[in-house]
Each structure stands twice: as C-alpha cells, then as structure tokens.
2 protein chains.
Amino acid sequence: MFGLIGKMRAQAGKRDALLAILLGSTGNMPGCLSYVVAKDPADPDAIWITEVWDDRESHKASLQLPEVQAAIKQAMPLIAGFDSSTEIEPVGGFGLPGS
Amino acid sequence: MFGLIGKMRAQAGKRDALLAILLGSTGNMPGCLSYVVAKDPADPDAIWITEVWDDRESHKASLQLPEVQAAIKQAMPLIAGFDSSTEIEPVGGFGLPGS
C-alpha cells in the first residue's frame, strides 16, 4: 500500500472553505482506501490529510480525475502553503478494507 | 472526532517485530474509526501510526484495554524512541464509518 501524511496551510480565515472543497472531492477515487481530512487544533489555519491507497499508481491517477482537478483549481487560491508531505508505506491496521 | 499522527523509532533491526505487535492489537478497540500502521520508506527503523477515534475519551480508554496494555508491555523493549505525536481533529473524508 502507498500512503501520504500532508500538512497544508489555508489563507487566514479560509480553512473552513478549504475543508469544504477537500471533503467534497473525496468520494469516488479508485484505489483510495482511506482519506482523512482534519483540522490542526493547535493552528487555526492548518489542515492535515492522511491518505492510504492500494498503490502509488492509483494515487497518481487520482490527480487526473476531473472532479479532483476541479477541486484543486478551486482550492489553490485558498491555500497559503504546503508545510510537509511524508510518504508512508501502510502495512495494516484497523478500518482499512479487508482489515 | 479525535485523531493522532505519531512517529516512533524501533530499535535497529526490530521494526518488523514491532510492527507485528502493533498490528496484533488493533482489532477490537471501542470508538476506533481508523488505525493505520505504516513503515517509513525513507527510514528503516521508523513507524508511522495515524489514528481516528470517535472522541478523545475512547482513545484514552483504549490505553487501559488488557490487550493494548499487553501489547505496550511487549512493544516497549523494541522501541528506541517517539519522534513526534500530533493531535488532529478529523472532520471527514473517505473510508471512515459513515463517510
């Protein structure tokens, strides 16, 4: 499996609007096993996204999906920056299909 | 919802053994919505755990479960350190019950 842990920063006061866009585009992404969108309680502008995919190719292909492309276009003006993006290799756990 | 993103470090050469313990204790934890155990592909000793709970209290209570206590006892000798633990507030996404 392939995974990512990412932290981004919304423009001041725009986190809720950005969260709505991110949540609106997570529905139907082939190969996506988990996609969690979260606030950082210690930072009013920060958003964390933790993702698990069946493999790297599924994640890469998702970025070309029309609804994801549309969400990225909508979201970019509200994003102040990307703080970190860590690649992980999920090996199992609870809450993943088949676990 | 309540969540955590944690990075720990296994003793050199002990990551697989530590992963097995972590994976063995994720089964039946009331209030746990997602618990993903992952390798860090860039660091042979590092493990990432991303968790989502229905609330903080469920997470706290899980630490008292007999099987979790037993896993912690088994795991501690294999853990070299805890690099980071970030609290997050999941707001939704894909792959969570009810999403």
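Values reported hereafter were calculated over all heavy atoms of this structure, with side chains retained and with hydrogens, waters and symmetry mates removed.
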Subject >> Which portion of A:Val37 sits near chain B, non-hydrogen atoms under 4.5 angstrom >> reply: both
Original post:
In terms of heavy-atom proximity below 4.5 Å to chain B, should A:Leu19 be classed as side chain, backbone, both, or neither?
Top reply: side chain
Subject >> Cluster overlap B:Ile79 with B:Ile5, hydrophobic side-chain contacts below 4.5 Å >> reply: no
Original post:
What pair of heavy atoms forms the shortest contact from A:Gly93 to B:Leu23, and how long is it?
Top reply: N-CD2, 3.4 Å
Is there any N or O donor on one of chain B and chain A with an acceptor on the other under 3.5 Å, and could you list each such pair with its distance?
residue, atom, partner, partner atom, Å
B:Tyr35, N, A:Phe94, O, 2.8
B:Tyr35, O, A:Phe94, N, 2.7
B:Val37, N, A:Gly92, O, 2.8
B:Val37, O, A:Val91, N, 2.8
B:Val37, O, A:Gly92, N, 3.4
B:Lys39, N, A:Glu89, O, 2.9
B:Lys39, O, A:Glu89, N, 2.8
B:Glu89, N, A:Lys39, O, 2.8
B:Glu89, O, A:Lys39, N, 2.9
B:Val91, N, A:Val37, O, 2.8
B:Gly92, N, A:Val37, O, 3.4
B:Gly92, O, A:Val37, N, 2.8
B:Phe94, N, A:Tyr35, O, 2.7
B:Phe94, O, A:Tyr35, N, 2.8

Original post:
With hydrophobic residues grouped by side-chain heavy-atom distances under 4.5 Å, do A:Ile88 and A:Leu96 end up in a single group?
Top reply: no
Original post:
Of the listed residues (B:Cys32, B:Ala38, B:Gly24), which shares the most heavy-atom pairs with chain A below a 4.5 Å separation?
Top reply: B:Ala38
